[in-house]
Every structure is written in C-alpha cells, then in structure tokens.
Amino acid sequence: GPDREAALVVVEGPAMELALLVDQVLAVEPVPAGALCERQKAADLASNVPPGWVRGAWARPSGGRDEMVLVLDVLALLSDPHLIVDDRDA
C-alpha cells in the first residue's frame, strides 16, 4: 500500500545495471569466505527463485540460532533476458 516503505537495490555489471524492488533492507554484510552452501542445495531451499539466479545460501548466526540467507548470482540476474526491460544503448 501507499504507507509501505520499499527500497531499490541497484546492482551493476559490466554491460548494464539492474534495480531490485525490495520490501526492506535489514543489513548489508560480508559473507565469510567458504560460508556458502553449494548452489544446488541453496536452489532447493528457495523453490520460488529460479535456480540459475542462486549463488548459494549462508547460515547467518543470529541471536543463538542461524538464519538462512539466500545469496543471488548478480551476473545471472543481469544477463537473464526475462529481466531486461530496455536494452537500447543509452
């Protein structure tokens, strides 16, 4: 609704940029090296996200328990022809 706040997360690749509309941004955090589970296991956890968009998942420690964070493959998002709205040269 109009009283709901949303945010645009802008990601940039070598040939284009993409804005993702998100409900909210809770944090921006580095993911420790080696912390991502394998791509297929992560894709199985996120049935509503195309498997090609998934880079992995991270069990983020949070208050004594882990929260599962899905990590998206930004280059896959940027190159997906279904997401390209206007590919004209600027």
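The analysis underlying the following values was restricted to heavy atoms, covering all of them including side chains, and did not include hydrogens, waters or symmetry mates. Computed from a predicted structure; not experimentally measured.
Closest approach of Gly52 and Ala76 over heavy atoms only: O-CB, 3.2 Å. Summarising the geometry of Pro61 relative to Asp66, their closest heavy-atom pair is CA-OD1, 3.5 Å, with the distance given to 0.1 Å. Taking all atoms of both residues into account, the shortest heavy-atom contact from Asp80 to His82 is OD1-N, 2.7 Å.
One finds the CG atom of Leu36 at 9.5 Å from the CG atom of Leu70 (value rounded to the nearest 0.5 Å).
There is no path of hydrophobic side-chain contacts, each under 4.5 Å, that joins Met68 to Trp58. A single hydrophobic cluster is not seen to contain both Val71 and Val22; linkage of ILVMFWY side chains at heavy-atom distances under 4.5 Å, directly or through other members, places them apart.
In Arg60, the CZ atom is crowded: over 12 heavy atoms of neighbouring residues, nucleotides or ligands sit closer than 6.0 Å.
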Between Val69 and Val31, does the side chain to side chain contact (heavy atoms under 4.5 Å, CB included) criterion hold? Intermediate values first, please.
CA-CA 10 Å; Val69 176; Val31 177; over 6 Å; no
Might you work through the side chain to side chain contact (heavy atoms under 4.5 Å, CB included) test for Leu8 and Leu21, ending with a clear yes or no?
CA-CA 5 Å; Leu8 287 177; Leu21 179 64; 4.1 Å; yes
